Amino acid sequence: MLHQQVVSPILDLPKQPGLPMRLSRYFLPILREDPKEAEIVSHRLMLRAGMIRQESAGIYAWLPMGYRVLQKINAIVREEQNRAGAIELLMPVIQSADLWRESGRYDDFGKEMLRICDRHDRDMLFGPTNEEMITEIFRGYVRSYKDLPLNLYHIQWKFRDEVRPRFGVMRSREFLMKDAYSFDLDVAGARHSYNRMFVAYLRTFARMGLKAIPIRADTGPIGGDLSHEFIILASTGESEVFCHGDYLAMEPPAADIDFDDPAQMQGIFDDWTSRYAATEEMHDKAAFEALPDNAKVSARGIEVGHIFFFGTKYSQAMKAVVSGPDGKDIPVQMGSYGIGPSRLAAALIEANHDESGIIWPDAVAPFHVGIANLKTGDAATDAACESLYAKLEKAGRDVLYDDRDERPGAKFARMDLIGLPWQVIVGPKGLAEGKVEVKNRRSGERELLSPDEALNKLSGT
RNA sequence: CGGAGUGUAGCGCAGUCUGGUAGCGCACCUGCUUCGGGAGCAGGGGGUCGGAGGUUCGAAUCCUCUCACUCCGACCA
């Protein structure tokens with residue numbers, strides 16, 4: 001029996017040694033017809049491509065294909081958080097009501113908070129966010145200004161009892177969130193922490209192939225003074241966005257920037273916030289109209305990240321203080337920074353699809369390459385596929401091998417639907433001439449190459 | 001939370017008005033023929049019709065209650 005390593009979305013996706021990912025032995029329950037309840041394209045495609053299954057209103061199981069995407073997203077989020085100096089931990093899903101009474105949010109949150117009672121009649125809740133808990137952890141250990149700055153994050157399931165969940169995992173009740181929390185001695189330090197996360201977010205979304213536009217936002221129930229939403233443009237987005245066209249051409253900050261350099265971070269922040277960008281609620285028609293005509297972009301957008309600086313809102317209420325250089329207690333300056341990986345999975349599809357299905361950007365694709373064996377059982381095609389599979393895996397590519405005994409048409413349609421970036425089509429006709437066909441899912445371009453050439457092209461150098 | 005709907009096989013649906021013992025397409029299983037863009041023929045398996053009560057000789061169908069889900073609006077990572 002093959003023991004697959006159990007991996008939670010909170011952990012890295014390790015390279016799993018084991019049997020090849022043969023479709024005949026995999027679990028990829030695709031749907032041929034559109035499920036009637038799915039209104040938007042990402043929801044439809046996630047159901048059809050066997051990524052998710054609805055278990056209750058706004059609650060989904062992540063099937064293997066969807067789970068892989070989620071893990072790829074998490075890996076990028078995690079890398080960029082770490083790069084920016086944030087430190088990963090893991091807080092529980094279930095929280096005590098007392099913690100929320102301290103901050104005063106137990107009542108504020110209202111019906112959106114799922115409340116439960118344990119056997120001892122203690123009030124508990126399913127965490128919608130973790131400001132209270134992280135503040136409680138912080139104050140339990142940190143006493144001195146010398147231990148600042150500090151930025152802690154986790155990737156954990158959250159629950160918000162939405163009045164009307166919809167659009168699949170785009171607006172679900174249970175959702176995965178990366179939430180980071182920064183602690184600083186003073187406002188200037190906190191501002192730097194905010195900028196670091198701002199820059200990390202620019203890089204995170206860019207790495208997934210998304211154009212994310214930072215938009216100054218309302219602070220809402222989290223509270224505070226400064227806040228930005230990161231919105232990606234997609235025709236099926238929920239909200240209307242107005243912005244300067246420059247944003248579509250801007251390059252994300254490079255990997256080798258110095259996150260510890262306040263001036264550099266502030267410079268990037270200034271650059272990315274100097275142009276007009278607003279959602280419907282904050283839209284300033286006059287300012288937008290003043291832009292040159294060719295710079296006016298109005299489009300639909302999906303919020304995939306939201307960052308807040310809220311000062312001492314929680315540290316004061318919950319007495320998270322450190323001793324300053326003068327020995328006096330100072331409430332710490334805090335910020336929080338959220339990204340929704342589960343929503344991102346859907347947003348990525350909204351931004352990357354066509355009539356045939358999903359078109360995964362390489363960085364988040366569940367598999368990089370799909371090998372379609374057009375004639376299983378034929379010694380030559382079987383051998384060519386096995387060989388390609390082994391070599392691509394060795395080259396570090398994630399490969400899905402379609403070894404099912406089906407007609408070519410069905411295989412093509414399924415490959416297009418699940419949207420792997422590259423398809424290698426191996427059939428007797430091509431092999432007779434020593435060729436396989438390499439197809440790029442996005443461009444539709446096909447090339448006849450020898451297996452070695454195909455291997456070279458797809459090895460990712 | 002207001003409004004509108006829908007629950008019949010894994011998925012998509014018909015049957016409900018007008019009660020008579022459940023059907024179609026896809027999927028699945030078997031066989032043969034096929035095989036480079038979702039094959040054809042033949043055969044086969046699978047449903048206590050969301051649940052509970054009631055009316056009736058008889059209920060998927062009529063009545064009452066209930067549960068779940070979806071859509072539109074207000075609200076939101």
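Each chain gets a letter, A, B and so on, in the order its sequence line appears, and its residues count up from 1. Bear in mind that the values here come from a model prediction, so they are computed numbers and not experimental data.
Between the P atoms of rG37(B) and rC69(B), the separation comes to 43 Å (whole Å). Separating the P atom of rU34(B) from that of rC41(B) is a span of 16 Å, rounded to the nearest Å. Comparing the P positions of rG38(B) and rG20(B) gives an interatomic distance of 42 Å, to the nearest angstrom. Of the C1' atoms belonging to rG73(B) and rU66(B), the separation is 26 Å, rounded to the nearest Å. rG50(B) sits 15 Å from rC17(B) when the P atoms are compared, rounded to a whole Å. Nucleotides rC24(B) and rG45(B), compared at atom P, are 13 Å apart to the nearest Å. Nucleotides rA60(B) and rU48(B) have their P atoms positioned 12 Å apart, rounded to a whole Å. Remark: the separation of the P atoms in rA14(B) and rU8(B) is 11 Å, to the nearest Å.
Protein atom CG of D405(A) is 13 Å distant from nucleotide atom P of rG36(B), rounded to whole Å. F167(A) places its CZ atom 11 Å from the C1' atom of rC72(B), with the value rounded to the nearest Å. Regarding E39(A), its CD atom lies at a distance of 15 Å from the C1' atom of rG73(B), rounded to whole Å. At whole-Å resolution of the value, CD in E33(A) and P in rC28(B) are 13 Å apart. Whole-Å rounding puts the L31(A) CG to rA27(B) P distance at 13 Å. For the pair M113(A) CE and rC75(B) P, the interatomic distance rounds to 21 Å; values are reported in whole Å. When the P atom of rC35(B) is taken as reference, atom NZ of K429(A) falls 9 Å away, rounded to whole Å. The distance from atom OH of Y60(A) to atom P of rC69(B) is 11 Å, rounded to the nearest whole Å.
Closest to the side chain of P408(A), from the set rG36(B), rC72(B), rA77(B), is rG36(B). Nearest nucleotide to the side chain of A413(A), out of rG38(B), rG12(B), rG73(B): rG38(B). Among the nucleotides rC28(B), rC26(B), rC75(B), the one closest to the side chain of R404(A) is rC28(B). Distance from the side chain of R160(A) is smallest to rA77(B) among rC26(B), rA77(B), rC75(B). When distances run from any side-chain atom of R166(A) to the nucleotides rA77(B), rC69(B), rA74(B), the shortest one goes to rA74(B). Of the candidate nucleotides rG37(B), rC71(B), rG38(B), rG37(B) has the atom nearest to the side chain of F412(A).
Other residues, nucleotides and ligands contribute more than 12 heavy atoms inside 6.0 Å of the CZ atom of R442(A). The number of heavy atoms from other shown groups lying within 6.0 Å of CD (E445(A)) does not exceed 12.
In this model, a side-chain donor or acceptor of R446(A) finds a partner on the base of rG37(B) within 3.5 Å. E437(A) contributes a side-chain N or O that forms a donor-acceptor pair with the base of rG36(B) under 3.5 Å. Below the 3.5 angstrom threshold, one finds a donor paired with an acceptor across the side chain of R407(A) and the base of rU34(B). For D416(A) against rG37(B), a side-chain N or O and a base N or O form a donor-acceptor pair under 3.5 Å. Judged by distance alone with a 3.5 Å cut-off, no donor-acceptor contact links the side chain of R44(A) to the base of rG12(B).
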query = Could you go step by step and tell me if H283(A) and Y276(A) meet the side-chain hydrogen bond (donor to acceptor under 3.5 Å, both in side chains) rule?
reply = CA-CA 10 Å; H283(A) 188 41; Y276(A) 185 81; 2.8 Å; yes

task = Take R115(A) and D123(A) through the test salt bridge (charged side-chain N to carboxylate O under 4.0 Å, His left out) and record every step on the way to the result.
result = CA-CA 7 Å; R115(A) 294 151 205 264; D123(A) 294 327; over 6 Å; no

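Q54(A) comes within 4.0 angstrom of the backbone, heavy atoms only, and of no base. Counting any heavy atom pair closer than 4.0 Å across all strands shown, I339(A) reaches no nucleic acid atom. Counting any heavy atom pair closer than 4.0 Å across all strands shown, K36(A) reaches sugar-phosphate atoms only and no base atom. Across all strands shown, R53(A) has no heavy atoms under 4.0 Å from either base or sugar-phosphate atoms. Contact annotation for E303(A): backbone-only contact, meaning every heavy-atom pair under 4.0 Å involves sugar-phosphate atoms and none involves a base. Residue-level contact check: R414(A) touches neither bases nor backbone, having no heavy atom under 4.0 Å from any strand. Using a 4.0 Å heavy-atom cutoff across all strands shown, S56(A) reaches sugar-phosphate atoms only and no base atom. If you check every strand for non-hydrogen atoms under 4.0 Å, K439(A) touches a base. Residue G427(A) is in base contact, counting any heavy-atom pair closer than 4.0 Å across all strands shown. Within 4.0 Å of S239(A), counting heavy atoms only, lies no atom of the nucleic acid at all. K411(A) comes within 4.0 angstrom of nothing in the nucleic acid, heavy atoms only.
Base pairing annotation: rC28(B) forms a Watson-Crick or G-U wobble pair with rG44(B), both donor-acceptor distances under 3.5 Å. In this structure, rA68(B) forms a base pair with rU6(B), meeting either the Watson-Crick or the G-U wobble geometry with both donor-acceptor distances under 3.5 Å. Base pairing of rG73(B): its partner is rC1(B), meeting the Watson-Crick or G-U wobble criterion (both donor-acceptor distances under 3.5 Å). The pairing partner recorded for rG38(B) is none, the criterion being a Watson-Crick or G-U wobble arrangement whose two distances lie under 3.5 angstrom. Using Watson-Crick or G-U wobble geometry with both donor-acceptor distances under 3.5 Å, rG20(B) finds its partner in rC57(B).
Between Q156(A) and K178(A), the closest side-chain pair of non-hydrogen atoms is not below 4.5 Å.
Positionally, the nearest nucleotide of RNA chain B for K111(A) lies more toward the 5' end than for the other of K111(A) and E174(A).
Ring orientation note: the planes of W157(A) and W62(A) are tilted relative to one another, at an angle of 30° to 60°. Ring geometry, F367(A) versus Y26(A): the interplanar angle exceeds 60°, so the pair is classed perpendicular (tilted spans 30 to 60°).
Note on R164(A): every side-chain N or O is 4.0 Å or more away from OP1 and OP2 of rC75(B).
Listed here is the closest heavy atom pair of R207(A) and A363(A): O-CB, 3.3 Å.
Under the 6.0 Å cut-off for aromatic ring centres, F309(A) and Y194(A) do not qualify, their centroids lying 6.0 Å or more apart.
In this structure, the aromatic ring of F175(A) is positioned over the six-membered ring of the base of rA77(B), centres within 5.5 Å and planes within 30°.
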